[in-house]
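What you are looking at is a predicted structure, and each value in this text was computed from that prediction instead of being measured.
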Amino acid sequence: MQDQYRTVARAGVHETEVNRSRFLCALAPAAGEREAQDFVAAVRKEHADATHNCWAYVIGADASIQKASDDGEPGGTAGVPMLQMLLRRDMRYAVAVVTRYYGGVKLGAGGLIRAYGGAVGEALDTLGTITRRRFRLATVTVDHGRAGKVQNDLRATGREVRDVRYGEEVAIEIALPDADVPAFRAWLADATAGTARFEPGGEAYGDA
């Protein structure tokens with residue numbers, strides 16, 4: 001797995017105008033290909049009267065899935081420059097749909113490439129991007145007497161507490177960078193006089 005990736009900070013729409021044609025770029029983070037396709041379908045439905053609804057998405061922290069569509073524009077003038085802009089900005093798990101309302105002036109192949117790629121770039125600038133890092137999931141199990149202080153100490157040091165389960169003991173699910181695991185084990189043993197248990201789990205991505 002990649003240690004980190006960048007994606008769209010939030011879903012949103014940014015509009016530009018080129019020679020009287022309106023270009024609306026809808027951007028969104030997408031956890032998988034189905035989510036990206038559903039987003040494309042929703043935008044196409046919302047703008048069913050548009051001249052074109054061109055799209056591109058990149059899925060996977062390693063950009064393993066890359067797809068694009070010109071939706072009737074001349075081949076390679078819309079979807080590809082949109083995809084190239086996403087890749088140039090190192091976007092992952094991201095989908096873009098550029099809706100065009102024709103304004104009566106033909107832009108030519110070069111003009112279309114600049115318009116579609118530029119619409120995605122401007123939307124990314126407007127909506128912003130975030131970096132997500134790979135974390136190790138783990139469960140810390142402590143007795144009830146120490147649980148409150150451990151939780152407070154975790155939060156005070158910026159650790160992400162994902163879940164807390166109460167039973168005979170208290171199980172605190174956390175996420176931390178792999179590199180921090182040895183130091184965290186030592187801290188936990190010291191903080192709980194060696195009574196806590198640390199059980200590493202799988203991996204997940206979270207906000208850096």
Side-chain angles (χ1 to χ4, degrees), residues 1-18 21-103 107 111-135 137 160 162-163 175 177 202-208:
M1 292 175 74
Q2 304 282 111
D3 278 341
Q4 62 183 41
Y5 68 86
R6 292 174 66 202
T7 192
V8 185
R10 59 186 175 88
V13 180
H14 178 70
E15 181 174 343
T16 58
E17 185 175 315
V18 181
S21 276
R22 292 172 60 212
F23 291 86
L24 288 75
C25 179
L27 277 177
E33 190 169 13
R34 170 55 67 86
E35 193 172 315
Q37 292 170 345
D38 288 347
F39 182 77
V40 172
V43 175
R44 288 173 67 95
K45 183 177 180 181
E46 181 183 352
H47 296 284
D49 60 334
T51 317
H52 304 280
N53 284 290
C54 307
W55 53 264
Y57 57 76
V58 181
I59 304 298
D62 57 354
S64 57
I65 299 174
Q66 305 175 19
K67 293 187 179 176
S69 168
D70 296 313
D71 191 39
E73 291 281 30
T77 63
V80 169
M82 291 169 61
L83 180 61
Q84 288 174 339
M85 182 59 72
L86 290 174
L87 294 171
R88 193 178 306 152
R89 297 291 189 90
D90 294 324
M91 288 296 100
R92 304 291 186 264
Y93 294 105
V95 54
V97 184
V98 175
T99 299
R100 181 188 183 190
Y101 287 92
Y102 184 56
L107 302 182
L112 289 172
I113 290 170
R114 287 189 295 273
Y116 279 100
V120 174
E122 287 188 30
L124 287 170
D125 290 340
T126 301
L127 297 172
T129 63
I130 56 171
T131 299
R132 294 175 66 78
R133 290 181 59 193
R134 181 164 57 91
F135 290 94
L137 302 178
E160 182 188 355
R162 298 169 66 96
D163 190 26
E203 296 177 323
Y205 285 99
D207 294 347

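- Using a 4.5 Å heavy-atom cutoff, the side chains of Tyr116 and Val120 are not in contact.
- Considering all non-hydrogen atoms of both residues, Ser64 and Gly60 come closest at OG-CA, 4.2 Å.
- The side-chain heavy atoms of Leu86 and Met82, taken from C-beta on, include no pair separated by under 4.5 Å.
- Without hydrogens or angle criteria, His52 side chain to Asp71 main chain gives a donor-acceptor distance under 3.5 Å.
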Yes or no on side chain to side chain contact (heavy atoms under 4.5 Å, CB included) for Leu24 and Glu15, after CA distance, side-chain angles and deciding distance?
CA-CA 4 Å; Leu24 288 75; Glu15 181 174 343; 4.1 Å; yes

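- In this structure, the side chains of Arg114 and Val18 stay at 4.5 Å or more apart for every pair of heavy atoms.
- Here CZ of Arg100 is found 15.5 Å from NE2 of His47. Values are rounded to the nearest 0.5 Å.
- Heavy-atom minimum distance, Leu137 versus Ala175: CD2-CB, 4.0 Å.
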Would Glu73 and Val98 count as a side chain to side chain contact (heavy atoms under 4.5 Å, CB included) if you check the C-alpha gap in whole Å, the side-chain angles of each, and the deciding distance to 0.1 Å?
CA-CA 12 Å; Glu73 291 281 30; Val98 175; over 6 Å; no

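- Closest heavy-atom contact between Asn53 and Arg44: O-NH1, 3.6 Å.
- One N or O on the side chain of Thr51 and one on the backbone of Tyr102 form a donor-acceptor pair closer than 3.5 Å.
- Across all non-hydrogen atoms, the minimal contact from Leu87 to Ala63 is CD2-CB, 4.4 Å.
- When all heavy atoms of Ala96 and Leu27 are compared, the pair lying nearest together is CB-CD2, 3.5 Å.
- With Thr7 contributing its side chain and Arg92 its backbone, the two residues share a donor-acceptor pair below 3.5 Å.
- For the side chain to side chain contact (heavy atoms under 4.5 Å, CB included) test, residues two or more places apart in sequence or in another chain that qualify with Arg10 are Leu127.
- Within the 4.5 Å cutoff, the side chain of Tyr57 has heavy atoms near those of the Gln37 side chain.
- With sequence neighbours excluded, no residue forms a side chain to side chain contact (heavy atoms under 4.5 Å, CB included) with Ala41.
- Counting heavy atoms from C-beta on, the side chains of Phe135 and Pro177 come closer than 4.5 Å.
- Side-chain contact between Asp125 and Arg89 is present, with heavy atoms from C-beta onward closer than 4.5 Å.
- Counting only heavy atoms from C-beta outward, the side chains of Arg6 and Asp90 approach each other to under 4.5 Å.
- Side-chain contact check for Gln4 versus Arg132: every heavy-atom pair is 4.5 Å or farther apart.
- Closest heavy-atom contact between Gly32 and Ile59: O-CD1, 3.8 Å.
- Every residue two or more places apart in sequence or in another chain that forms a ring-ring contact (aromatic ring centres under 6.0 Å, His included) with Tyr5 is listed here: Tyr93, Tyr205.
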